[in-house]
There are 2 protein chains.
Amino acid sequence: MNQPQQLIHTWVNFSKFHKRITHSLDYFLQQKYHLGLSEFYFMMFLNENSEKQLRLSQLQNMIGLSQSALSRLVSRLEQHHLKPVERASYAEDKRSVYAVLTPSGQKHINEIMNEVNNVLQQSLSEKDISNLKLFAE
Amino acid sequence: MNQPQQLIHTWVNFSKFHKRITHSLDYFLQQKYHLGLSEFYFMMFLNENSEKQLRLSQLQNMIGLSQSALSRLVSRLEQHHLKPVERASYAEDKRSVYAVLTPSGQKHINEIMNEVNNVLQQSLSEKDISNLKLFAE
DNA sequence: CTAACATAAATGCATGCGCATGCATTATTT
DNA sequence: AAATAATGCATGCGCATGCATTTATGTTAG
């Protein structure tokens, strides 16, 4: 077992950590809101925009999903019982479709973000949190 | 935007980092060996065992996949052109199934680990690597 | 103005995953 | 020994995803 392969094991442990937290968040969102993590992120990004709407193609880069995955994500959110997101298109460019965070969506995403934050706090040690911040650059 | 929600954004950045590296590794493995990341991890864990074989239920905990996902992962590896893994069962407990790393599998996993390590080295900065190690505890 | 090309999103298809379930085997209880 | 429960794995099903293709619209070169 030579030196280099240590890096792989470091990576594997790192991935396990990531997976553990991801599952915590996903489980919480699924149980309480019937939302997946990607859907939550999606609503977060929309909410950060002052107009509460963005073109699908813009969101694609932010959220790191394929174009088709994003299109279907919006479809799911349109069907969701909270009706948090709607599609809209404008005459300026009829190719584009905007995802719009509805008033209901805006109300809920703020609440959800606070709760997700709590789940994070509970899932992470102080040490974890300070380690995490090293990557946030 | 209050303080707590900063933690979410830290987490999002962290996840993006994880995703970026994961894609690098997966892309490499897929292109060169027609293997997915889980399949690679699976072979790694098998290889670390001196007998080069483990029960599926043991691997389940190591690799963090569901039981069904694991069962199908082994099926895929049995079909793989390198024939790296076989199933075996013994009289001691006929319910159990062992995944066995074949000689071909053993030969290749060592080679692949070295290459994956190189991909990791190329994908990560020095700083990334030292940050990673903080989680490996 | 038209023909070619470019861009944005939707859709068909394949893959990998988890959940729920079923089958075979083993362990435990009566 | 028979009945019941637990264990280990395989399989049906549905979901989220990516790739390739299609459809609609916009842009540009001639």
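Every chain is numbered from 1 and lettered A, B, ... according to where its sequence line falls, protein lines coming before strand lines.
- Counting only residues at least two apart or in different chains, salt bridge (charged side-chain N to carboxylate O under 4.0 Å, His left out) contacts with residues 35-46 of chain B comprise B:Glu39-B:Arg76.
- Evaluation of the side-chain contact (heavy atoms from CB on, under 4.5 Å) rule for B:Asn49 yields B:Glu51, B:Leu54 as partners, not counting sequence neighbours.
- The stretch residues 23-46 of chain B touches DNA chain C through B:Ser38, each having a heavy atom within less than 4.0 Å of the strand.
- Less than 4.0 Å separates DNA chain D from at least one heavy atom of each of the following residues of residues 71-91 of chain B: B:Ser71, B:Arg72, B:Arg87.
- Not counting sequence neighbours, the partners of B:Ser57 by the side-chain contact (heavy atoms from CB on, under 4.5 Å) test are B:Arg55.
- Residue pairs meeting the salt bridge (charged side-chain N to carboxylate O under 4.0 Å, His left out) criterion with at least one member in residues 99-115 of chain B, sequence neighbours excluded: B:Lys32-B:Glu115.
- Residues from residues 94-101 of chain B with heavy atoms under 4.0 angstrom of DNA chain D, sorted by number: B:Arg95, B:Ser96, B:Val97.
- In terms of the ring-ring contact (aromatic ring centres under 6.0 Å, His included) criterion, A:Tyr33 has no residue partners (sequence neighbours excluded).
- Qualifying ring-ring contact (aromatic ring centres under 6.0 Å, His included) partners for A:Tyr98, counting only residues two or more places apart in sequence or in other chains: A:Tyr90.
- Comparing the axis of the opening five pairs of the helix from C:dC1-D:dG30 to C:dT30-D:dA1 with that of the closing five pairs yields an angle of 10°, rounded to 10°.
- In terms of the side-chain contact (heavy atoms from CB on, under 4.5 Å) criterion, B:Ser130 has no residue partners (sequence neighbours excluded).
- Under the 30°/60° scheme for interplanar angles, the aromatic rings of A:Trp11 and B:His18 are found to lie parallel.
- In summary, contact between chain A and DNA chain D, defined as any nucleotide atom under 4.0 Å from a heavy atom of the protein, begins and ends at D:dA16 to D:dG26 in the 5' to 3' direction.
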